[in-house]
Amino acid sequence: MKRMTAAACAAVLTTAAYAQGPDPLAPTGRWTAYTAGRAATPPMGWNSWNAFASAVDEEKVMGSAKRIVDSGLARKGYRYINLDDGWAAGRRESDAHLMIRADKFPSTIARKQKTPSFRPYTDRLHAMGLKAGIYSDMGRNTCAQAWSATDTDLPKGSVAEREVGLHDHIEQDIALYFREWGFDYLKVDGCGLRDFGPNSPKVKAGQARELPPIMDLGAISRTDVPAVQDLFRRVGAAIERSRPDGDFIYSLCIWGAANVRAWAKDFGNTSRTSDDISPAWGRLLVNYDSAVHRALYAHPGSWNDPDMLHIGAGDFDADHLTEARSHFALWAMLNAPLLIGTDLRKTPDALMEILGNADIIALDQDAAGNQATVVYDSSDLHILVKTLSNGDKAVAIFNRGSGAMDVSLQATQLKYRADAPVEMTDLWTKKQISFTKDTNLRVAPRETLIFRARGTRALADGFYLSEQPGKVNPAVDGVARPFGLIGATE
Ligand code: GLA
């Protein structure tokens, strides 16, 4: 039986390894994963849900879209304007056509047609240089239909008329969204697959038809993973057919259920790793933790999604700039989609500055697509490092807790030599720091220091695995035979 040496276990991927002939552990540098759509870097833009929930309308959306353009955020990369749950009036019984809440979206009937159309709305966004996103659900009904406290903003009519989800309508709805209405981005939620069982209050009240759940967020044993995958594959194929130029984003939203964290990279461009964020520090930690150890599941084309930004509300409002900055810095280190979730018509300048920090946006949008890896993890302190396409490192020092900390940052944590200088720029203050071997930094409660660093590579002619998670998929591409696994028989 051949055992892996400690050096091989460390996954030091040197160029010399190629020269020595076939190496079963050599990476192919190739991802066998989703490459359709337009997600070479994580999508950026705005989404209506965190600010408005289902009480969304055209004025609110266009107001935020206008501010994105006027403030210069569009030039910095924010371009998808995504309508979340709340736009649908129902499904017409005669031909199953989806109907829009025209009272909320007046442009959809501006041409006096009988059937409202989002085409004038998407035309307007496109004319502003932006892209348009829309929301659906994989089941018959959406999440708001399962969970909303009131039915004011929900689809109306018979049970069948209220079935606005994709179930049994995949081809028709996808063609409507992408071909007829001109959307560029689809978020597909999963409440319809789990929340309309026989005990659902909506089913019991006769407001929704029962759909036996095939997914349970709390139990993989009550989840039919192949059935869930089959639906997501079918929707993806329909999108590709409806948008043959490939200019789309396909966003999966099943919160880590059905073990999606492991397979989403083969099915779509972004995938939610947790349940919904709320504007509370503890909730931010939960969402961050759901993605931070999953660097090997993100790569150009497909990204971990710890949910939309909640900057502008609660613990991340203008009275909590430390927390708001941490939220933004951490999402950039995670290569998360940067989807603003606040009413930009009212957002104070201090928060606009955070959202517009071009140096931090550049980390999220770096072409190498390496999600940061954790290089130090102790109770309330995380140090994250990511390798950028020009060889620089992004470094984040994250104090999760409520006490200030003195932190020693080591050159070796950056995979830089300890005997050569490291130059760093603080991406909030733009201050320069230079050190050799290590430096001490004070980090306030809930603060994230974030730097771009340059030093001398510890490994002169190769890369550590932790430096290239966006390029290497060891689970699929790199290991031909699982040598050295406990229990292996040869
Ligand atoms: C779910 C999703 C949210 C949002 C709502 C809409 O909760 O996770 O992001 O889309 O549904 O109802």
Side-chain angles (χ1 to χ4, degrees), residues 42-43 45-57 60-61 80-90 98 101 104 132-155 162-167 177 183 185-196 200-202 207-208 213 215-218 228 232 235 249-258 260-261 264 268-280 283-284 286-287 290-291 303-313 327 331 336-342:
W46 181 89
N47 176 294
S48 56
W49 184 254
N50 288 349
F52 304 116
S54 302
V56 60
D57 64 36
K60 291 170 178 168
V61 177
Y80 288 97
I81 303 297
N82 296 346
L83 199 48
D84 209 282
D85 207 349
W87 62 265
L98 284 169
R101 299 176 74 193
K104 301 285 176 189
I134 194 158
Y135 164 99
S136 189
D137 193 287
M138 199 54 103
R140 292 194 186 108
N141 301 93
T142 72
C143 287
Q145 288 181 292
W147 299 113
S148 172
T150 68
D151 67 358
T152 323
D153 297 303
L154 302 183
R162 284 186 236 166
E163 292 179 350
V164 296
L166 287 161
H167 189 82
Y177 295 148
F183 282 98
Y185 186 125
L186 178 67
K187 169 176 174 179
V188 180
D189 225 332
C191 288
L193 302 182
R194 65 162 203 196
D195 294 325
F196 294 89
S200 145
K202 300 295 174 102
Q207 292 166 9
M215 199 170 73
D216 186 324
L217 191 50
V228 176
F232 278 100
V235 170
I249 298 281
Y250 178 26
S251 157
L252 278 55
C253 182
I254 53 172
W255 330 280
V260 69
R261 298 188 192 99
N269 300 118
T270 68
S271 175
R272 285 274 299 278
T273 49
S274 70
D275 214 333
D276 294 5
I277 196 165
S278 67
R283 185 67 226 187
L284 172 125
V286 171
N287 284 42
S290 73
W303 308 101
N304 290 316
D305 177 4
D307 205 359
M308 296 157 308
L309 296 166
H310 228 316
I311 290 169
H327 188 356
W331 262 229
L338 297 180
L339 294 174
I340 298 168
T342 191

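Read the numbers this way: they start at 1 and go in the same order the structure lists the ligands and their atoms. Excluded from the calculations below are hydrogen atoms, water molecules and symmetry mates; all remaining heavy atoms, backbone and side chain alike, are included.
- Between D84 and ligand 1, at least one N/O pair is under 3.5 Å apart.
- Annotation: side chain of H310 is not in contact with side chain of N287 (no heavy-atom distance under 4.5 Å).
- Ligand 1 has no atom lying under 4.0 Å from any heavy atom of T142.
- With a 4.0 Å cut-off on non-hydrogen atoms, C191 does not touch ligand 1 at all.
- Proximity of W147 to D195: side-chain heavy atoms (C-beta onward) are separated by under 4.5 Å at one or more points.
- For atom 9 (O) of ligand 1, the closest non-hydrogen atom on the protein side is K187 NZ, 2.8 Å.
- Closest approach of N141 to E163, counting heavy atoms only: ND2-CA, 4.1 Å.
- Close approach of ligand 1 to W49 is summarised as follows: ligand atoms under 4.0 Å from at least one heavy atom of the residue are 4 (C), 5 (C), 6 (C), 12 (O).
- No side-chain donor from either of T273 and N304 sits under 3.5 Å from a side-chain acceptor of the other.
- Between V56 and D84, every side-chain heavy-atom pair lies at or beyond the 4.5 Å cut-off.
- Here the protein heavy atom with the shortest distance to atom 3 (C) of ligand 1 is D276 OD2, 3.5 Å.
- The protein non-hydrogen atom at the shortest distance from atom 12 (O) of ligand 1 is D85 OD2, 2.8 Å.
- Every atom of ligand 1 is numbered from 1 in the order shown, and the set under 4.0 Å from a heavy atom of A144 is 12 (O).
- The closest side-chain heavy-atom distance from T342 to I311 is not below 4.5 Å.
- Counting heavy atoms from C-beta on, the side chains of I277 and N50 come closer than 4.5 Å.
- The closest approach between Q145 and ligand 1 stays at or above 4.0 Å for every heavy atom of the residue.
- Against a heavy-atom cut-off of under 4.0 Å, C253 is close to the following atoms of ligand 1: 2 (C), 8 (O).
- Using 4.0 Å as the threshold, W147 has no heavy atom nearer than that to any atom of ligand 1.
- Salt bridge status for R272 with D307: present, with a side-chain N to carboxylate O gap under 4.0 Å.
- Regarding atom 2 (C) of ligand 1, its nearest protein heavy-atom neighbour is D189 OD2, 3.3 Å.
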